[in-house]
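Working notes, beginning with the structure itself.
Just so we're on the same page: letters track the sequence lines, and every chain starts at 1.
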Amino acid sequence: MALYQLFSHPAERSYRAGLCSKAALFLVLVTALTYIPPLLVAFRSHGFWLKRSTYEEQPTVRFQHEVLLVAFLSSLSGEYLTWSTFPTFNQLHGDNVRVSMMMAREEDKNQDGKMDMLHFRLELPLKPTEHVLGVQLILTFSYQLTRMSRFVMQSMAFVQSSFPVPGAQLHVNGDLKLQQKQPLKYRGVDTRYNVSVINGTSIFASDYNLKSIAAAYYERNVTTILTDSNPIWLVGRAAEAPFIINVIIRYPMEIISYYPGFWETIKFAWIQYVSILLIFVWIFERIKIFVFQNQVVTTVPIMTQEENYKEHLS
Amino acid sequence: MFDTSVTAALVGDTENVSVMLTLGDDALGILPMPDCGLQSNGTGNWSLTVTPHARGSEVTVRLDGDLQPCVSETDFFSEYPCIVETLLVSASRNSSCLAHLLIQVEIYPNTSFAQNVSGFATSKRENRTKKKMKRKTGENATIIPNQVYQPLGPCPCDLFIGACDVQCCCDQDCTPHLKDLFREHCFTGVFGGNVNPPFDHLCSTPVTEEVSDLFPFLCVQSSLENTPFLGYFFHGLISPRTEHTFRVPRYSSSTSWLDLGYWQDRPILTSNNEFFTIPQVSLVGQCVQKAPVAFLRNFDSNCATNLTTYQERENISEVRLINSLGEDWIVPEVVYEESTALNKFIYDTETILHPGPTFKSVHLEEHYTFRWKENKITELNVRIIWAKIHADQQGTLTQRFKVTFLTFNATEGLKRSGNPGYHPGKPVRALNVASAENVSTINLWRPVGSGLCTEMETSPVLFGEDAVSGCLWEVAIDENCTHLRAEVMNRLKSLVQATHVAKKGNSDYGNIQDGWLKIIWRDTHFPQEGPYFMDIKGICPDVPATMTIHFLISNSGNLEGIPQDVILGAEVSFSSVTWQFHCGITCEDKPNLFPLSVSVQFIRIPPQLTQPLTSFQISLANRDCTNNEVCWSELIFPLSKYYQGEYYYSCLAKSLMLVFIFSLIIFIRNPWIREHMIWGLSVF
């Protein structure tokens, strides 16, 4: 009757030697060679430490209903009309202020509690003799991210467009994209940029200078920009008709980069280290068994009790 | 009861029953006698209504007249009734009395309605503190206390300040006597207010069966003021929630807040308590005519206005500025200068002007220099450059408005360009020791108009900014070469009239020993003109058309962490070109344009090497983490300074925890230690 191996288990064999013997030195050397080289291999082959990571989130964006409009009229002396939701600004600009009608509606298309797009419409009343050639428009938003760090900022969408022919309507359709110069933190509250884009309570003209508003805004490490490189101008305005600006801004899903936390960094390093370590452990285990079995270093081999018992029996 | 009517029910068979009202005579103190069926002597202000019901009648006695005696402007806190009357209602059938009802009327003045409402659900105490705070800060802003600890409305039913609100038992304006009137009808209180129900853990609360035996040891000895309900209903918002919506613009008026004088970014006010305004640039270059001037904010704005719509600003010498509250006013000292160089300021569209006697004056430049000391303005000097123009002049007028704030003792001398090192972007300071002319900078050409050398303006060389600029020189075909070279050389040299440049940004102009460096000139040696070129018209070799100014700069150290750059030397050199007259098909007698150029270069010492590294050098530079993705300093990346995900101490703590866990595992797993333990155990 043929016999089959139905079960097996490893038998343990100990090797004894002094702490200052060659065998001990060999073991220390092998242990060092087992554990340190995998670290060096993993590290030197790039990408060992996770330095930044990304995640996806749709921001919670709300239109703050703050609007600043400058419309340039067709004249050599640079006549303009302006309107804003800031009373002091309107007070400053005196005769150039033209009260406009504004309508804004935010829409949550997928009913997830986060707004997905903004419909904004502005009607600037014009005299029949006035013709608009260029428009600058600032809309401000409050922008929140919650999945990793609680990031809150006040941002803006800046529309600047001009057309050689007097226009009747301007259509802007774009995305409010996040621009990061620096990754965010992985947790905590971040309100660095939760400051107004335009100081609407200021009574000084220099605070409404678009140059300084833009300079202060783009100094930030995290901003939003409106991505619409091609606003559409419609021509053919009726004599009494107002100049109409239609803006549709979508709040898309964003890929946000962040600095990973300590445990995330360690976790990814550990995965890489251990996978390389396994190979080294296996190789050096073989080497150790060979060395001790063949008495390359002098030790006293001792059988475990079970084997001793078996030997006695035999 | 807090109404001026009272209702009673007459039960039983009320058919043919007449109900009558009789007024008692209070003055005599006699109760009205029930005189059923008899005519009464009037019911005064009282009226009687009988409404029949199925089982009887409802009798209502109502006060018809007004409560004029109860509304007194002077007697707010009357504890005495203003109306005391006795009424008798009697019911009779066929002159036989069936029932009497004696009504004692006491009406107390409800002082609440005699005053203006100044706040809803706001306690008097709160208002008093608000007033105090206003007085202290002089601001309009009301400081709202933290509502977690101090509820805004501790007594919600207290609607009127300084008056007892009826049925409001926590109103502190109500005296005990007044409270007696409505003690049984108090409004039930709201938690978080002054109505503090005794809470369960209070030792003084009566012990119920449900509490444990340990209650006497664990209960809380506390006053009722320290209730656990304090702030329990507070939702965490002190300021009202901001809803995103269009806000109706509210116009604010200028108010005087100069209790403490001016400070930075506060508007400067005139004696009329209005903003002091100077035209300033706003938006995208447009000028705002009535823009307030902020304290300590300098500006220099150029405003273009159409002359047809030009309006004269108010006379500055009549303006008086507020210095500080209650002190004398600042009178501007105005200096007028007339200018005739109009072409720089007026762009004319070539209108033909009829000569006439009518002229008008326009301001071309207005320079305002404020002197300040602490929170006050000490002086205002105004320099106005004006010009006379034709009354019908058309075109665009460019006006300049400049405001400078200087400390009261500052001299309007030459500004420093850094202290002590140069600041980038500030003018390089220069000095001419030989000439008495006030030379303070080395200049570059600033192109104007068509860019001809004859109409060039200059702008100073700025520290650290390499520059190149030039102009066009009109040269005729029969130009003498020697003359051309000398002319070009002179023109270029006129840019550098200085003999010395300042080593530091704050070198003293009066002291030549204070770091002034001589400018080194490397003059080109003009070749002796040989006969070869003498004869040819239209060609000149070795014309020094390009001037190069080299500045050697170096970092002389750091001051408070800011690097201080100094100039180590300045050198002016020329390079020559051969000028040749360019003709078309025919050489016309029209001058050619010959470009002259000047360039400025700042060379940092030691010069930054830009030699590319060899691959050997790159592989050696393993410690350089800025140029290597893998560098040895980042071997333990989370503990290195390059890691930005968390704070260092947090990483260190977590790393130590990891080390501890691994040590523990190794300690337990190590066969030697295990054996030692076994041996140790086997000994015993």
Between [X] and chain B, which part of the residue has a heavy atom less than 4.5 Å away: side chain, backbone, both or neither?
X        : answer
A/Ser45  : neither
A/Ser142 : side chain
A/Ala269 : neither
A/Ile266 : side chain
A/Ile138 : neither
A/Ile213 : neither

Between [X] and [Y] (salt bridge meaning N to carboxylate O under 4.0 Å), is one present in this structure?
X        : Y        : answer
A/Glu106 : A/Arg62  : yes
B/Glu646 : A/Lys185 : no
B/Arg297 : A/Asp207 : yes

_For the residue pair A/Lys51 and A/Tyr259, would you count it as a cation-pi contact if the rule is NZ or CZ under 6.0 angstrom from the ring centre and within 45 degrees of the ring axis?_
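No cation-pi geometry.
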Quick check against the 3.5 Å criterion: does [X] have a side-chain atom that pairs as donor or acceptor with the backbone of [Y]?
X        : Y        : result
A/Asn221 : A/Gln182 : no
A/His93  : A/Gln91  : no
A/Tyr35  : A/Val30  : no

Give, as side chain, backbone, both or neither, the part of [X] having an atom under 4.5 angstrom from any heavy atom of chain A.
X        : result
B/Ser655 : both
B/Gln289 : neither
B/Phe299 : neither
B/Lys654 : both
B/Ile636 : backbone

*For A/Tyr208 and A/Ser84, what are the C-alpha separation, side-chain angles and deciding distance, and is it a side chain to side chain donor-acceptor pair (under 3.5 Å)?*
CA-CA 11 Å; A/Tyr208 297 104; A/Ser84 83; over 6 Å; no
*What option among B/Gly645, B/Ser282, B/Ala291, B/Ala294 has the most heavy-atom pairs under 4.5 Å with chain A?*
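Most heavy-atom pairs within the cutoff with chain A belong to B/Ser282.
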Among [options], who wins on heavy-atom pairs under 4.5 Å with chain B?
options                      : result
A/Phe48, A/Tyr258, A/Phe89   : A/Phe89
A/Glu264, A/Met102, A/Lys211 : A/Met102
A/Gln64, A/Arg52, A/Glu66    : A/Gln64

*Using a 4.5 Å cut-off on heavy atoms from C-beta on, say whether the side chain of B/Phe370 contacts that of B/Leu321.*
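Answer yes - side chains close enough.
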*Give, for atom SG of B/Cys631 and atom CZ of A/Phe43, the distance between the pair rounded to the nearest 0.5 Å.*
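The CZ atom of A/Phe43 is 6.0 Å from SG of B/Cys631, to the nearest 0.5 Å.
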